[in-house]
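Written below as structure tokens is the structure these notes are about.
Reminder, nothing fancy here: chain letters follow the sequence lines and each chain counts from 1. None of these values were measured; they are calculated from a predicted model.
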Amino acid sequence: MRMTQLFVQTLRDDPADAEVPSHKLLVRAGYVRRVAPGIYTWLPLGLRVLNKIETIVREEMDAIGGQEMRFPALLPKEPYEATDRWEEYGPNLFRVKDRRGADMLLGPTHEEMFTLAVKDLYSSYKDLPARLYQIQTKYRDEARPRAGILRGREFIMKDSYSFDIDDAGLDAAYQAHREAYVRIFDRLGFEYVIVKADSGAMGGSASEEFLAVSPTGEDTFVRSAGGYAANVEAVTTPVPEAINFATFDAAVVVDTPGTPTIESLVEVLNASHARDDRPWEAKDTLKNVLVMLVHPDGRREPLAIGVPGDREVDEKRLETQVAPAEVDAFTEADFAANPVLVKGYIGPEVLGESRASGIRYLLDPRVVSGTVWATGANVQGKHVLNLTAGRDFEADGLIEAAEVRAGDPAPDGSGPLELARGIEMGHIFQLGRKYADRLGLQVLNENGSLTTVTMGSYGVGVSRAVGVIVESSHDDAGIVWPRSVSPFDVHLVVAGKAPEMFEAAERIVADLESAGLSVLFDDRPKVSPGVKFKDAELIGVPTIVVVGKNISDGIVEVKDRKSGDRRDVALSDATAEILGEVRG
RNA sequence: CGGGAUGUAGCGCAGUUUGGUAGCGCACCCGCUUUGGGAGCGGGGGGUCGGGGGUUCGAAUCCCUCCAUCCCGACCA
């Protein structure tokens, strides 16, 4: 491809609406253009990268026996009504009406369609297992699209689905996908972690996410030096040993006027009820937080959560735990309706389904039997000290809703946790029989009776990968593509106007192309070398060949985009040298 | 949905406070010069100043209103 022919226009300035590096660079270098919020056009350069990523994904999916097919993006609503997702997906679902007023949707993901397709064609256990996939444009009407192609409303995803007669088959399909994903992401060339994910309300069992490690990521995950990794929503807290409280002091109520917050409480306790051993700290207090759960049927249920006072309730972790219910704030009106709750002084003695409030009370796992707390006495301006779990109060159960902090111990004992950010690039999980049940996907088993098929669902963000790779591989001058996805193998720059330069360049291009390489040839005759070098660095092809002033000595230059290393090569050896470089 | 900001040429921006002929840089076109790090000089094309309404002799500028976009948060396989 010649630069004089390529449909591209590089920009000197960052676009004003771009924030993250990948967005700025992909627009500046002429890979994509924004059409509407969260909706992008793939220009020729961008499409070449996208196609390369698709090819890698296809190869690895085919290698585990996946069969590619393609469903429409425009779908009828009925299958999604059958699984309740027409409602559950909420405003994120792109809904459209046809001319007769029939409801339709732009597919956000295709579990229903794949399930129905298998139901349509198969009816015997002998037909299984099946592994089917598609690479398709998906639509989600995100409330706030951002970061360019990293989070669009239209995006390309590879989604595959496994269909098995039994759990062993599902496990095998899950493992096969896991290994395929490792190969895919290794080939795409960015750093990633595999984290335990929460399968949430989907009802599945095993679930893991592949997160690209990136400070611009929207997902927080934890990892330990010993190899534990999990999405922050899925982190579990190691439960401490119970403590024998036989000799502990009895609980005592003390006056703590004007202490509705943990901070003010600690201050007053240190001033007027000092401990013998050390000052009071927030972690000595038990904070009881009230929220309102909204169940899918609209029922509202108050819930009390007890956490150590030095920790906040993490709303995402809480929502994950209570799904499919949603979490709403506990309002002044709710307090008014529960007069036994004294705001700012709520204590465990009124919490619990069998206590005065009748409100379900769940505790952080750290609050084991024998731990001693300073906490609300359910009277304005009073707290209770030495309140001992297991002796003075019980809860209705445990909940993992407290925030996770760097330094917390990993649940498997592999060391302290570190928090980091990631971009979700792949998600594999065992769906089980939820969709097959709802849509009636059953086959006859060996005994001639109907058995519900068990399914897995596995996704890869294909268009997102373009952005992720740029996030992980760029410098001040531009993009640095890994060879596996670079739009071209070689970027050849003619730095000058002498006819012999162009003649030499033409020969190198012809030789490389006949050897099977793709070459971006900057043949612009009136553009200065500086501009061509800047463009080459911006566009990011990993090998840059410069034919310039040294051509009179029969020398061309081969530059490595990533390291910046350059070396002179004899024109006669150029093709062989470049081939060696590109093919590694 | 809440908070903040911004809408002026393809892109990046000034001009708005204090109303008076629509500007700069990049990009684009023509000519000459230039060719190893985003060239120089000269000439040129391109704008319903986000939309609508109002005030005024006169509005990019003041007022009202609507819309759009971006950022933070909420939300999000």
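In A:E81, the CD atom is crowded: over 12 heavy atoms of neighbouring residues, nucleotides or ligands sit closer than 6.0 Å. Surrounding CD of A:Q67 are at most 12 heavy atoms belonging to other residues, nucleotides or ligands under 6.0 Å away.
Exactly one residue among A:I479, A:L45, A:L520 makes a side-chain contact (heavy atoms from CB on, under 4.5 Å) with A:P487. That residue is A:L45.
In this entry B:A9 has no Watson-Crick or G-U wobble partner, no candidate having both defining distances under 3.5 Å. The nucleotide B:G19 finds no pairing partner, because no Watson-Crick or G-U wobble arrangement with both distances shorter than 3.5 Å includes it. Pairing for B:A74 is absent, with no Watson-Crick or G-U wobble pair whose two atom distances lie under 3.5 Å. With a cut-off of 3.5 Å on both pairing distances, B:U56 has no Watson-Crick or G-U wobble partner at all. Pairing for B:C32 goes to B:G40, judged as Watson-Crick or G-U wobble with the two contacts each under 3.5 Å.
On a pure distance criterion of 3.5 Å, no polar donor-acceptor pair joins the side chain of A:R12 and the base of B:A27. A:R28 contributes a side-chain N or O that forms a donor-acceptor pair with the base of B:G38 under 3.5 Å.
Side-chain atoms of A:V546 lie closest to B:G36 of the nucleotides B:G36, B:C71, B:A77. Checking B:A77, B:U69, B:A27 against the side-chain heavy atoms of A:P37 singles out B:U69 as nearest. Counting only heavy atoms from C-beta on, A:R146 has its side chain closest to B:C71 among B:C76, B:C71, B:G38.
Salt-bridge annotation for A:R12 and A:D535: absent, with no side-chain N of the basic residue lying under 4.0 Å from a carboxylate O of the acidic one. Ionic pairing of A:E218 and A:R421 is not present here: no N-O contact between side-chain nitrogen and carboxylate oxygen is shorter than 4.0 angstrom. Between A:E60 and A:R183, at least one side-chain nitrogen of the basic residue sits less than 4.0 Å from a carboxylate oxygen of the acidic one, meeting the salt-bridge criterion.
A:G496 comes within contact range of the sugar-phosphate backbone alone, with a heavy-atom separation under 4.0 Å but no base atom that close. Residue A:E537 is classed as a base contact, given a heavy-atom separation below 4.0 Å to a base. Nucleic acid contact class of A:R464 (heavy atoms, under 4.0 Å, all strands): base. Within the nucleic acid shown, A:V27 has no heavy atom closer than 4.0 Å to any nucleic acid atom. Note on A:R34: only backbone sugar-phosphate atoms sit closer than 4.0 angstrom, heavy atoms only; bases stay farther off.
A:R223 contributes no side-chain N or O that, together with a main-chain N or O of A:A420, makes up a donor-acceptor pair within less than 3.5 Å.
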(message) Does the protein touch nucleotides 6-15 of chain B at the base, only the backbone, or not at all? Give it as B, S and - per nucleotide, heavy atoms under 4.0 Å.
(response) ----S-SS--

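Across the interface with RNA chain B, nearest-nucleotide mapping of A:G426 and A:F533 shows A:F533 to be the residue nearer the 5′ end. The 5' end of RNA chain B is approached more closely, in terms of each residue's nearest nucleotide, by A:R566 than by the other of A:R566 and A:R153.
Atom pair A:I539:CD1 and B:G38:P shows a separation of 17 Å (rounding to whole Å applied). Atom NZ in A:K534 sits roughly 10 Å away from atom P in B:G37 (whole-Å rounding). One can place CG of A:N92 at 14 Å from P of B:C1, the figure rounded to the nearest angstrom.
Taking 4.0 angstrom as the limit, A:S528 places none of its side-chain polar atoms (N or O) nearer than this to OP1 or OP2 of B:U35.
In terms of heavy atoms, A:M425 sits closest to A:F185 at O-CZ, 3.6 Å.
Nucleotides B:G51 and B:U56 are separated by 22 Å at their P atoms, to the nearest Å.
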